[in-house]
Amino acid sequence: VTFETNSLLNMQKKILLQSVFWIVVFLISQALSPGAGHSLRAFVFELICLVFYAIVFYVNVLFLFPRYYEKNTTRYILVSVALVLITFGIIYQISHTIFWNQDQRFNRHHKDWFEVFISFRHLFWLAFIHLIGTIYSIQHVLNQQIIRNKKVMEEKLQTELQLLKAQINPHFLFN
């Protein structure tokens, strides 16, 4: 019963921690959003981007890292870069649809600079979120190894104790 309770508490703790993480990411992203004149569009766009950030994070944590990281690091890096770039391309197209095709108030020079700024901001976020996912996965693997090592040490100590008891018992019987 205590193992199940601990497992449930750990799961709730993970869900809470990840929820707080995504709320913080959204708030920071919203604060950096240059959507003063079209705040509803910017808000919706940041929500859409948050969904794509989460996709990158969870595809990395649940699929890419366990499948490729320890076996083939080069493949992991290549697939990760492809994932980030494809997701960036999708976000870039969505930003064009939401902002650039409908907003004619920018002159061409300001529009280009603004577009580059938004693009780099989202590329940075995608790379950063992917890196956080990789660090999270490495930490998870290390925690599992620590738990396994503790179990092995406990089993080793139990075996040594049983061996010592087995050696002592015949001497008491003989005496």
Side-chain angles (χ1 to χ4, degrees), residues 1-35 39 41-99 113-157:
V1 176
T2 59
F3 176 74
E4 291 175 4
T5 306
N6 281 341
S7 179
L8 183 62
L9 287 174
N10 285 338
M11 182 64 76
Q12 289 174 342
K13 186 177 173 183
K14 280 184 182 181
I15 290 171
L16 180 65
L17 182 65
Q18 289 180 21
S19 298
V20 168
F21 172 75
W22 290 116
I23 289 170
V24 168
V25 167
F26 178 73
L27 291 175
I28 291 171
S29 186
Q30 189 64 33
L32 296 175
S33 174
S39 61
R41 280 192 285 169
F43 182 81
V44 170
F45 178 64
E46 292 303 326
L47 279 176
I48 292 169
C49 289
L50 186 70
V51 169
F52 282 106
Y53 299 159
I55 288 170
V56 166
F57 180 85
Y58 290 111
V59 165
N60 181 28
V61 169
L62 300 174
F63 178 71
L64 293 179
F65 187 87
R67 187 167 185 176
Y68 295 120
Y69 187 76
E70 289 185 10
K71 298 171 191 154
N72 191 342
T73 307
T74 304
R75 183 175 284 173
Y76 172 73
I77 292 170
L78 291 175
V79 174
S80 296
V81 168
L83 172 69
V84 168
L85 290 178
I86 289 169
T87 308
F88 171 70
I90 294 169
I91 290 174
Y92 183 78
Q93 288 303 318
I94 292 171
S95 73
H96 265 274
T97 303
I98 290 178
F99 294 112
W113 180 87
F114 195 64
E115 191 173 354
V116 168
F117 169 74
I118 287 188
S119 298
F120 275 116
R121 184 172 69 90
H122 290 295
L123 186 60
F124 168 78
W125 269 113
L126 286 167
F128 182 70
I129 296 293
H130 185 275
L131 178 65
I132 295 288
T134 302
I135 292 169
Y136 176 82
S137 297
I138 289 172
Q139 182 65 36
H140 181 70
V141 167
L142 290 175
N143 285 343
Q144 286 180 334
Q145 287 177 347
I146 289 170
I147 290 169
R148 274 195 306 267
N149 287 345
K150 283 182 180 180
K151 285 181 181 178
V152 167
M153 290 299 288
E154 287 174 7
E155 289 174 5
K156 183 180 174 186
L157 288 173

> Does the side chain to side chain contact (heavy atoms under 4.5 Å, CB included) test come out yes or no for Tyr92 and Leu123, once each step is laid out?
Replying inline: CA-CA 9 Å; Tyr92 183 78; Leu123 186 60; over 6 Å; no
>> Using side chain to side chain donor-acceptor pair (under 3.5 Å), reason through Asn143 and Gln139 one step at a time and then give a plain yes or no.
In response: CA-CA 6 Å; Asn143 285 343; Gln139 182 65 36; 3.1 Å; yes
> Please walk me through it: do Val59 and Thr87 pass side chain to side chain contact (heavy atoms under 4.5 Å, CB included)?
Replying inline: CA-CA 11 Å; Val59 165; Thr87 308; over 6 Å; no
>> Thr73 vs Tyr68, test: side chain to side chain contact (heavy atoms under 4.5 Å, CB included). Steps then yes/no.
In response: CA-CA 6 Å; Thr73 307; Tyr68 295 120; over 6 Å; no
>> Using side chain to side chain contact (heavy atoms under 4.5 Å, CB included), reason through Lys150 and Ile146 one step at a time and then give a plain yes or no.
In response: CA-CA 6 Å; Lys150 283 182 180 180; Ile146 289 170; 4.1 Å; yes
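Summarising the geometry, atom CG belonging to Leu126 is positioned 10.5 Å from atom CZ belonging to Arg121; distances are rounded to the nearest 0.5 Å. Expressed to the nearest 0.5 Å, how far CD1 of Ile132 lies from NE2 of His130 amounts to 11.5 Å. For the atom pair CD (Gln145) and CG (Asn149), the distance works out to 7.0 Å, reported to the nearest 0.5 Å. Taking OG of Ser29 as the start and CG of Leu47 as the end, the distance is 9.5 Å to the nearest 0.5 Å. Residue Glu46 holds its CD atom at 6.0 Å from OH of Tyr53, rounded to the nearest 0.5 Å. With rounding to the nearest 0.5 Å, the separation of CD1 in Ile129 from CD1 in Ile55 is 12.5 Å.
Met11 is listed as a side-chain neighbour of Ile15, based on a closest heavy-atom distance under 4.5 Å. Proximity of Ile28 to Trp125: side-chain heavy atoms (C-beta onward) are separated by under 4.5 Å at one or more points. Using a 4.5 Å heavy-atom cutoff, the side chains of Val141 and Ser137 are not in contact. Counting heavy atoms from C-beta on, the side chains of Val25 and Phe21 come closer than 4.5 Å.
Between Leu64 and the choices Leu83, Thr134, Ile77, the side-chain contact (heavy atoms from CB on, under 4.5 Å) rule is met once, by Leu83.
Taking the six-membered ring for Trp and thresholds of 30 and 60 degrees, Phe45 and His122 have ring planes more than 60 degrees apart, a perpendicular arrangement.
Nearest heavy atoms, Gly133 versus Phe57: CA-CE1, 3.3 Å. Between Pro66 and Asn60, the shortest heavy-atom distance links the atoms CD-O, 3.9 Å. Across every non-hydrogen atom of Trp22 and Ala54, the tightest pair is CH2-CA, 3.4 Å.
Taking Tyr69 as the reference, nothing meets the side chain to side chain donor-acceptor pair (under 3.5 Å) condition, with sequence neighbours excluded. Listed by chain and number, the residues in a ring-ring contact (aromatic ring centres under 6.0 Å, His included) with Phe63 amount to none (sequence neighbours excluded).
Note: Phe26 and Phe43 meet the aromatic proximity criterion, with ring centroids under 6.0 Å apart.
Within a 6.0 Å sphere centred on OH of Tyr58, heavy atoms belonging to other residues, nucleotides or ligands number more than 12. Within 6.0 Å of atom CD in Gln12, more than 12 heavy atoms from other residues, nucleotides or ligands are found, so the atom counts as buried in its surroundings.
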